Amino acid sequence: MPPAATAGTERSNQTERIFGMFKTMLLIRAFDEAAHQMLVEGLVHGSVHQSIGQEAIAVAVCGNMRRDDLIQSNHRGHAHAIAKGANPTAMMKELFGRVGGTNGGKGGSMHIADFSVGMLGANGILADGMSLAAGAAQAVTLKGEDKVVGVFVGDGSTNRGPFYESLNWAKVFHLPLLVVCEDNGYASTTATSSVTSGGGPAVRAASFDIPVVSVDGNDLRAVDAAAAELIERIRNGGGPQFLHAATYRLTGHVSKDQGMYRPAGEFEQRWDHEPVRRCEAWLAEQGVSPGDIEAAHSAAQAAIATSVAEAKLAPFPAPSLAYADVQDVGGPSCPK
Amino acid sequence: MPPAATAGTERSNQTERIFGMFKTMLLIRAFDEAAHQMLVEGLVHGSVHQSIGQEAIAVAVCGNMRRDDLIQSNHRGHAHAIAKGANPTAMMKELFGRVGGTNGGKGGSMHIADFSVGMLGANGILADGMSLAAGAAQAVTLKGEDKVVGVFVGDGSTNRGPFYESLNWAKVFHLPLLVVCEDNGYASTTATSSVTSGGGPAVRAASFDIPVVSVDGNDLRAVDAAAAELIERIRNGGGPQFLHAATYRLTGHVSKDQGMYRPAGEFEQRWDHEPVRRCEAWLAEQGVSPGDIEAAHSAAQAAIATSVAEAKLAPFPAPSLAYADVQDVGGPSCPK
Amino acid sequence: MPEMIYADAVREGLAEEMRRDKLVWALGEDLSTAHTSTSANQYKDLIEEFGPRRIVNAPISESTIMGAGVGAAVAGTRPIADLRSIDFAMCAIDELVNQAAKIRYMFGGQARVPLVARMAIGTRRGAAAQHSQSYESWFVHIPGLIVVTPSTPADGKGLLKSAIRCDDPVVFMEHKELWGAKGEVSADPEHLVPLGKARIARVGKDLTIVAWSRMVVLACKAAEELATAGIDAEVIDLRTLWPWDQEAVFASVRKTRRLLVPQEAVLAGGFAGEVAATVAEALGDVLKTSVRRLGAPRMPVPYAPPLEDEYRITDRQIVATARSMCR
Amino acid sequence: MPEMIYADAVREGLAEEMRRDKLVWALGEDLSTAHTSTSANQYKDLIEEFGPRRIVNAPISESTIMGAGVGAAVAGTRPIADLRSIDFAMCAIDELVNQAAKIRYMFGGQARVPLVARMAIGTRRGAAAQHSQSYESWFVHIPGLIVVTPSTPADGKGLLKSAIRCDDPVVFMEHKELWGAKGEVSADPEHLVPLGKARIARVGKDLTIVAWSRMVVLACKAAEELATAGIDAEVIDLRTLWPWDQEAVFASVRKTRRLLVPQEAVLAGGFAGEVAATVAEALGDVLKTSVRRLGAPRMPVPYAPPLEDEYRITDRQIVATARSMCR
Ligand SMILES: Cc1ncc(C[n+]2csc(CCOP(=O)(O)OP(=O)(O)O)c2C)c(N)n1
Ligand SMILES: Cc1ncc(C[n+]2csc(CCOP(=O)(O)OP(=O)(O)O)c2C)c(N)n1
Ligand SMILES: [Mg+2]
Ligand SMILES: [Mg+2]
């Protein structure tokens, strides 16, 4: 979903486009900060995986997709959902487990999904999204549609077998699939390089004869350009493509993790390369005023504050809803 | 296990070495022909996967191993077992399901194993041998041994996820593992090229930074040279190595399969490239007499005829043995 | 009604559904070519009629066969993901349990998964430990899944058609030793066998035998022999293990007041336990004698025929147990 | 005896065995570093003592964690393959079921598989459908496997030590919501809890409650409340589900003549069915009232707390069912 353009006669189209994506990044960051805070306060349950520092990838990839294109997400799915156009308030309600949540309160953070915008769901099992996305792409071809399917996979997850099976599958069946590897250098508490041989996911993907583009995933414009090209190729029948985006996770892995396993200084240093500030600097160079940038920040904060406020007010689902949507035949009946 | 050398003063060591391996090939071929015949006659049960046309790989790889080195086999395991030094009569008894079988009649063809010669078992689940072998190699390092572990994997099986996970694993932990891909162009009834993208297993293995050597797997001397080099590297601490051996299966995939899915003429044409005749021609060039070659053939036939005769005479295991070797605590008790 | 073998009946059922709905398709290993080989002919000639995009010959990638099936189902098609046997399906359990079974629920009903996960069960002569397993009870334990175990060619066809039309994931389990079984099969392409409804395979009054899959054949044989000994057994073919037809079983047990549940799988942890426990809980006071189960000893399937025979439950064992219950 | 939490007790058990036998080692994701994160501290500081070759931080490769564990066990070491939870173990079922469980048998006793396959079970607040599963009953159905479900810190330690010393594969299942539970734990490194022996958690005469894992805690709580209502419940903690201590259960049921089996997992196809069916078969004529089971409704675990509460079996339900059985 291309972000809505802000009116501004003196700015180039490209500046407007990037400014729009910038606003989506801000929304994601505000959402993830709030989600974490609400977890700390006990209003969000289970675990929360933030994308702080990684926003550019989701935004630029989804920003080059149509609303009816499909994406398959992973455990770190808030950014993907917002970038694809999901409503942050419905998402926040889902994290709270409330009525009006994207999944009706049944899924929570790790299963956030919004099929109305082609977001086929976050996923708590690493790399499983690969084969699901390949299958969705196969359905697309079977139905004769021209949709593109995107799948997000973490660097650590690329050491799971389904990653390879699915790459081979996508290439053999020439599927309209964009694989996006968000390489943040860590898999939970483990430095991915310590458990990954050779040149890593990009080299391995290339061995399946899948075209690979590697980018600085914290450079919004670079990801945008690469995603635009790869999605165009796919839409034109070019078969599966692979985008390898280097990035860094500026928070702990999950929930209240403090990330103590990282070398001293790494964390602080990486803040200098994060996508929001870098994009902000570029926008300023293009003549976007400090006031406009400040307004974008405030708007994102305000939007998410509203989401949180609404989520707090929303009721919990009726217990009887627990028994719904298991299966048509043979589902459990509500005891009451 | 290096094959026993035949006395013969006028022949070079190399000729003797190859002649020895040739005899092992003949033994394997005679075994597999007999196994199939006995299946047709109803004396062998279930399914039998022959290695006819592929003998050179098993023989040359195992011929470069020590008896205490370990191999992990797959569903097509007779050749591996015989090459590693298993007793064909005990193997034939196993195929008959009789007392004195390598596995006591419990396993049959697809689970043939002989731990006394480091043959850790055939395996009915494709590619599972990869991780088992990696684990065995890890045990070897943990125990401070200098053994090499070999694993045989078919071309079709390399599209399973565990193949990749295990390659990464072996490289990350720098394990003494030789992966041998027996690429016979087919996976059951399917031409592997129709379901495999890119350059196939060798290219993919290389993407994990594992050294790869590709050979004509029907050329015994070529496989011998490659295996010698790779095993030497491993023994010297070089970490995992990959041997890609092109070959062709001159029979159906399993049991009574006639291989009708192959293009007309392919089958006949490939008989001209099979390893036994090629090796025979080379031996003749080296001055091995037709009589000696004929004698080798007869010896192999006679040995296997004896194996079959003994297997026919061996009794079935007592039914109560079905209840043995499940588990020490909580195993089933024999009803009698 | 025409007579045909089980493998032909299920193939006909699949072909009919593929003709009816062009979003029905199948994926699995060796689907296009297996008919020239040694397999069960479930897909013979279908690729000629439907082409390689609907009869998809897959790489050896069980996880992805199942996972792509799930993704394609979510995206609006009706795939039959054929794992060929439960033994190989072990390589795709995650995709079935963590994805197929949960997607509708955890996404709050936004998505449906009209997937048929096809995987044959059963001991086949000499197939040994890794090619003879029966784990139907596992999937009864997984919310979101429907579990189907047809015992006749007619049910094979009629239930496969219902499974394909079902909007939820169905685990469809043929029995390897039934593919050659003969029976009458309806030629009407709209003849469906409903999910969750048992079939009374034999009416009787002294004892209820509840069975499924190939065990139905043995139970019926046992019942004939019991009849010669003056014991009139009722045989219920459950057909579907989830949902299972408690109503039919309860009605029968209320009548006969005796229940025997023989299964092919290992007894411990098998589905017979679920049936026996449910009946013991609900009708404990009705029973004239304790519920009884039969099942394989808790051991892998051995290879040598006389050892394999120790694993197999036989009609003779059913007869003996039934007689002891009716004494 | 010192008091400690469950996570510390199992860590101490592992460390003791690793000191005792240098062929004992562990492999799994985030083993070396998890202690600075949010996990259960089962491996805290062990890498410092034993080094990275014995506390192996694995890539995200569940199949290979299990498969390498099997291979390394066959080759003479004693690995603990930690899948971290049963949910992720779904990705390694094949290696457990088709390899670990069968190798000794199908190779005719030539090999042994002294592997501990560690995988936590249980609902954890807000963890939802893919991180809250309990499939202990599956492995009871798999010949070759031993299944262990400790409910206390002492048993966690004592049973892990027995599992490590066992020459057959053991599926070792901690409960995610027990890792913080406190209890007295023996400091004697030779104190082992035997596999297959139940523990009478509470002596009683009116009713037998058979439980395992976290359900033992709830059953004991329920028993205290039942006592105030004049019902004297006996609580049996099975500890090991295969082999399970039929002798202890039968002896108790012969005394109380009533059996209730509450489990956390989904009722249908769960292990409670095995216990209930076995007792109903063997002691049907002894029972004063029908056997009873409790288990979760057949639905994935929902996320929102009030929905999750519908899934969870509570001590109140145990009390209510027990009371209805003793009326
Ligand atoms: C199959 C599976 N194994 C393990 C886990 C536990 N886990 C959740 S996130 C994670 C790390 C993932 O790392 P990566 O793929 O790099 O993604 P990132 O978290 O860095 O975005 C792990 C091990 C899981 N959810 N699923
Ligand atoms: C996991 C798994 N999937 C499917 C099968 C069925 N199967 C047995 S052999 C075979 C073909 C194997 O092809 P390849 O790996 O090339 O070995 P080859 O038979 O050619 O030696 C198949 C599909 C199996 N045994 N295990
Ligand atoms: Mg990462
Ligand atoms: Mg092949």
Side-chain angles (χ1 to χ4, degrees), chain A residues 70 72 94 101-108 110-116 119-125 127-143 145 147 149 151 160-162 164-166 168-170 172-173 175 317 321-322 324-332, chain C residues 22-23 25 27 52-54 56 58-79 81 91-92 94-95 97-99 101-113 115 143-147 162 166-170 194-196 240 242-244:
Chain A
L70 305 172
Q72 178 70 50
E94 185 59 32
T102 48
N103 306 20
K106 286 242 177 86
M110 221 169 355
H111 306 307
I112 206 131
D114 186 348
F115 279 67
S116 71
M119 157 58 177
L120 303 184
N123 206 315
I125 308 296
D128 273 13
M130 289 287 301
S131 62
L132 267 58
Q138 209 152 2
V140 161
T141 59
L142 204 63
K143 291 158 100 179
E145 299 170 336
K147 293 179 190 172
V149 181
V151 55
R160 274 203 69 218
Y164 305 95
E165 290 192 1
S166 298
N168 179 59
W169 189 282
V172 164
F173 299 115
L175 301 178
L321 282 173
D325 275 321
V326 178
Q327 55 196 87
D328 291 345
V329 182
Chain C
K22 70 181 199 327
L23 294 177
W25 61 294
L27 65 165
R53 283 157 51 104
R54 295 181 65 201
V56 173
I60 302 175
S61 303
E62 280 75 13
S63 290
T64 301
I65 291 168
M66 186 74 84
V70 175
V74 167
T77 65
R78 294 187 174 274
C91 306
D94 164 53
E95 288 78 6
V97 168
N98 278 330
Q99 308 297 346
K102 294 180 171 52
I103 280 178
R104 176 179 176 184
Y105 190 81
M106 72 186 174
F107 294 159
Q110 292 182 77
R112 301 300 297 266
V113 187
L115 170 77
L145 298 180
I146 290 163
V147 183
S162 294
C166 177
D167 287 334
D168 293 309
V170 177
L195 303 171
T240 308
W242 192 272
W244 62 284

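Computed over heavy atoms, backbone and side chain alike; hydrogens, waters and symmetry mates excluded. Note on naming: letters A, B, ... go to the chains in the order of the sequence lines (proteins, then strands), and numbering restarts at 1 for each one. Note that the coordinates shown come from a computational prediction; the quantities given were computed from them, not determined experimentally.
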**Salt bridge flag under 4.0 Å for residues Arg112(C) and Asp325(A)** = no

**Request:** Decide side-chain hydrogen bond (donor to acceptor under 3.5 Å, both in side chains) for Asn123(A) and Gln99(C); before the verdict, give the C-alpha distance in whole Å, the side-chain angles of both, and the deciding distance to 0.1 Å.
**Result:** CA-CA 9 Å; Asn123(A) 206 315; Gln99(C) 308 297 346; 2.8 Å; yes

**Request:** For Lys143(A) and Ala75(C), work out which heavy atoms get closest and say how close.
**Result:** NZ-O, 2.7 Å

**Complete:** Greatest number of non-hydrogen atom pairs under 4.5 angstrom with chain A, of Leu195(C), Leu27(C), Ile65(C), falls to Ile65(C)

**Prompt:** For Trp244(C), is it the side chain, the backbone, both, or neither that has a heavy atom closer than 4.5 Å to a heavy atom of chain A?
**Reply:** neither

**Message:** Would you say that Met106(C) contacts Asn103(A) through its side chain, given a criterion of any heavy-atom pair below 4.5 Å between the two side chains?
**Reply:** no

**Message:** Counting only non-hydrogen atoms closer than 4.5 Å, does Val56(C) touch chain A with its backbone (N, CA, C, O), its side chain (CB onward), both, or neither?
**Reply:** side chain

**Message:** Quick check: closest heavy atoms across Ala113(A) and Phe107(C), and the distance to 0.1 Å?
**Reply:** CB-CD2, 3.6 Å

**Item:** Distance (rounded to the nearest 0.5 Å) between Glu165(A) CD and Cys91(C) SG
**Value:** 8.5 Å

**Message:** Counting only non-hydrogen atoms closer than 4.5 Å, does Val329(A) touch chain C with its backbone (N, CA, C, O), its side chain (CB onward), both, or neither?
**Reply:** both

**Prompt:** So which of Gln72(A), Met110(A), Gln327(A) has the biggest tally of heavy-atom pairs under 4.5 Å with chain C?
**Reply:** Gln327(A)

**chain C contact via Tyr164(A) - which portion, at a heavy-atom distance below 4.5 Å** = neither

**Message:** Side chains of Arg104(C) and Val326(A), heavy atoms from C-beta outward: is any pair under 4.5 Å?
**Reply:** no

**Contacting region of Ala170(A) [heavy-atom separation from chain C under 4.5 Å]** = neither

